[in-house]
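All heavy atoms count here, side chains included; hydrogens, waters and symmetry mates do not.
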Amino acid sequence: MSITAFRFIHTADIHLDSPLKSLALRNPELADLIGGATRQAFSAIIDLCISERVDALVIAGDLYDGDQTSMKTARFLAGELGRLAKAGIRTFIIRGNHDALSRISRELVLPDMVKLFGGRAEHVMIERWPGEKPVAIHGLSFAQPTAPESLLPKYASAVPDAINVGIMHTSLGGAPGHDAYAPCSPAELQATGFDYWALGHIHKRSVITGSTTIVMPGMPQGRDINEDGPKSATLVSISEDGSVSLEEKPTALAEFSRITIDAGGLSDWTDLAHALSHALKQARTASAAPELVARIGFTGETTLAWRMRRDADLLMAEAEERAAQTGAIWVEKLEIGCTPPTETRTASTGPLHELRNLIETGILNSDAFETALSQIADTLQGQLPTDLRDLFGADESETRARRMQLARQGAEDVLARLQSSSGSGSEPS
């Protein structure tokens, strides 16, 4: 019998049937697409396991998204994991901070080939062919939605003469936009002597190599623009000598992408439309996902700045038309950061330019304005649902910068409309 590597798919942070937030308010059709994307990504992972004929699927937490009670989600999950069981592929799952809230994860009856680790650390031995090392899968689920202390001391030591794989839901040393859960350092994970640590919680993929390979696979499907970029699962092969090879496998139905267009120097609406087409085609070519969801940002000094803000609805229609011509692209939002050329702003002595100078020099940079803006924003933020409050920023400095960005954008929009009312603007051709 030839000795083969132990092969498995590692994924995490699937957030099945995660409820959408602001996206659903802007475009219901796009919300329908993204609303079903987490399921399609999970099905793609199951298909990948079967086509690659792996030994196991490892899910490192947050299979669900909070206190879900829908049995439709439960039936879907049981059916997909049942497909793996029929193919003779085992599944190993730990609960993360979101799963700990879910009643489904506690009540669902899973196939016999599925191991859901409990709130006490344990390891499962997988016996292989004669002459091949057995595999020890170590796991520990979150018993509560929070885990402020490291969970690593609760794991057993590496099993001698075996391939050791640890599964943990952890923030490691911390990451922007993620709460600190089960903190530990890569050095501490390396010191365990495990061959591989299958992590979850942080939605961006990262790999740390060394005596122990440590992988955060990222999520298989983004849900909004803050989860942009390619999404994937990781195909892992561990040889008898402990060497590890990794292969990133795309899984997302739709990829979120930020597209920046420098409109500096453009003076004709047709040129702006051509720049849109070029940027959309480049982004579509660069993405491997079947669908691309784009947030388009315009920057630079241009004489079109007034018109772009005044006619933002026409610009959105132009962007959506160009996206349709390119194919498989959705325009989620436009962000217009363009300003008129410096010489235009400084040379004129008209009332609008005097107003602009007053806003820039006398209002936006004043302590009184900052205090008033802070009070208004804090009141609004306090009225939002808790899961939407980070839209203003995840910490104090980010929130302050975001408030000022919104204030400047609002000032530019007001000035653009005043420009239109004064009769000095013209319709785009």
Side-chain angles (χ1 to χ4, degrees), residues 9-52 54 57-66 68 70 72-84 91 98 200 202-205 216-235 247-259 280-296 319-320 323-333:
I9 295 294
H10 170 201
T11 188
D13 302 290
I14 297 159
H15 296 280
L16 270 178
D17 293 341
S18 172
L20 299 178
K21 301 172 186 176
S22 57
L23 187 64
L25 302 176
R26 290 196 292 267
N27 189 331
E29 189 178 1
L30 177 56
D32 287 342
L33 172 73
I34 302 303
T38 55
R39 285 195 181 201
Q40 294 199 45
F42 189 69
S43 294
I45 291 170
I46 302 301
D47 292 340
L48 179 63
C49 288
I50 294 172
S51 64
E52 290 287 346
V54 297
L57 168 64
V58 170
I59 303 174
D62 284 359
L63 176 56
Y64 302 105
D65 190 82
Q68 292 173 304
S70 170
K72 290 182 179 180
T73 304
R75 287 193 292 270
F76 167 77
L77 178 64
E80 292 301 288
L81 294 181
R83 287 207 289 140
L84 280 190
T91 303
H98 284 275
I202 298 174
H203 293 175
K204 185 176 178 60
R205 188 174 190 267
M216 190 77 70
M219 62 194 322
Q221 172 62 59
R223 298 165 297 170
D224 58 45
I225 195 62
N226 295 315
E227 296 169 343
D228 60 331
K231 303 301 176 187
S232 62
T234 300
L235 173 60
E247 190 173 349
E248 187 177 0
K249 296 288 189 177
T251 53
L253 167 68
E255 178 184 328
F256 286 85
S257 176
R258 297 178 187 270
I259 300 175
L280 289 169
K281 289 176 182 177
Q282 281 192 319
R284 179 64 273 184
T285 301
S287 173
E291 305 282 345
L292 187 67
V293 183
R295 177 172 293 188
I296 303 174
E320 290 176 337
Q325 292 174 6
T326 303
I329 299 183
W330 302 74
V331 180
E332 179 253 4
K333 186 180 180 181

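- Of the possible polar contacts, none joining the Ser287 side chain to the Ala283 backbone as a donor-acceptor pair under 3.5 Å is found.
- A side-chain donor-acceptor contact under 3.5 Å links Arg284 to the backbone of Ala328.
- In this structure, the separation between CD1 on Ile46 and CG on Leu81 is 5.5 Å, given to the nearest 0.5 Å.
- Heavy atoms only, all atoms of each residue included: Arg258 and Ile225 are closest at NH2-O, 3.6 Å.
- The backbone N or O of Ile59 sits nowhere less than 3.5 Å from a side-chain atom of Thr11 that would complete a donor-acceptor pair.
- The CD atom of Glu255 sits 6.0 Å away from atom CG of Leu292, with the distance rounded to the nearest 0.5 Å.
- Side-chain atoms of Gln221 never come within 3.5 Å of backbone atoms of Ile14 as a donor-acceptor pair (strictly under, hydrogens ignored).
- Between the CD atom of Glu332 and the CD1 atom of Ile259 there is a distance of 11.0 Å, given to the nearest 0.5 Å.
- Taking every heavy atom of both residues into account, Trp330 and Glu291 meet most closely at NE1-OE1, 3.1 Å.
- One distance of note links NZ of Lys249 with CG of Leu48; it measures 6.0 Å at 0.5 Å rounding.
- Taking each heavy atom of Ala41 and Pro220 in turn, the nearest pair found is CB-O, 4.0 Å.
- Taken to the nearest 0.5 Å, the CD atom of Gln40 stands 10.5 Å off from the CG atom of Asp47.
- Side-chain contact, Ser43 with Glu80: a donor N or O sits under 3.5 Å from an acceptor N or O.
- A side-chain donor-acceptor contact under 3.5 Å links Arg223 and Ser18.
- A 4.5 Å side-chain heavy-atom check between His15 and His203 finds at least one atom pair inside the cut-off.
- From Thr234, atom OG1 reaches atom CZ of Arg205 across 3.5 Å, with rounding to the nearest 0.5 Å.
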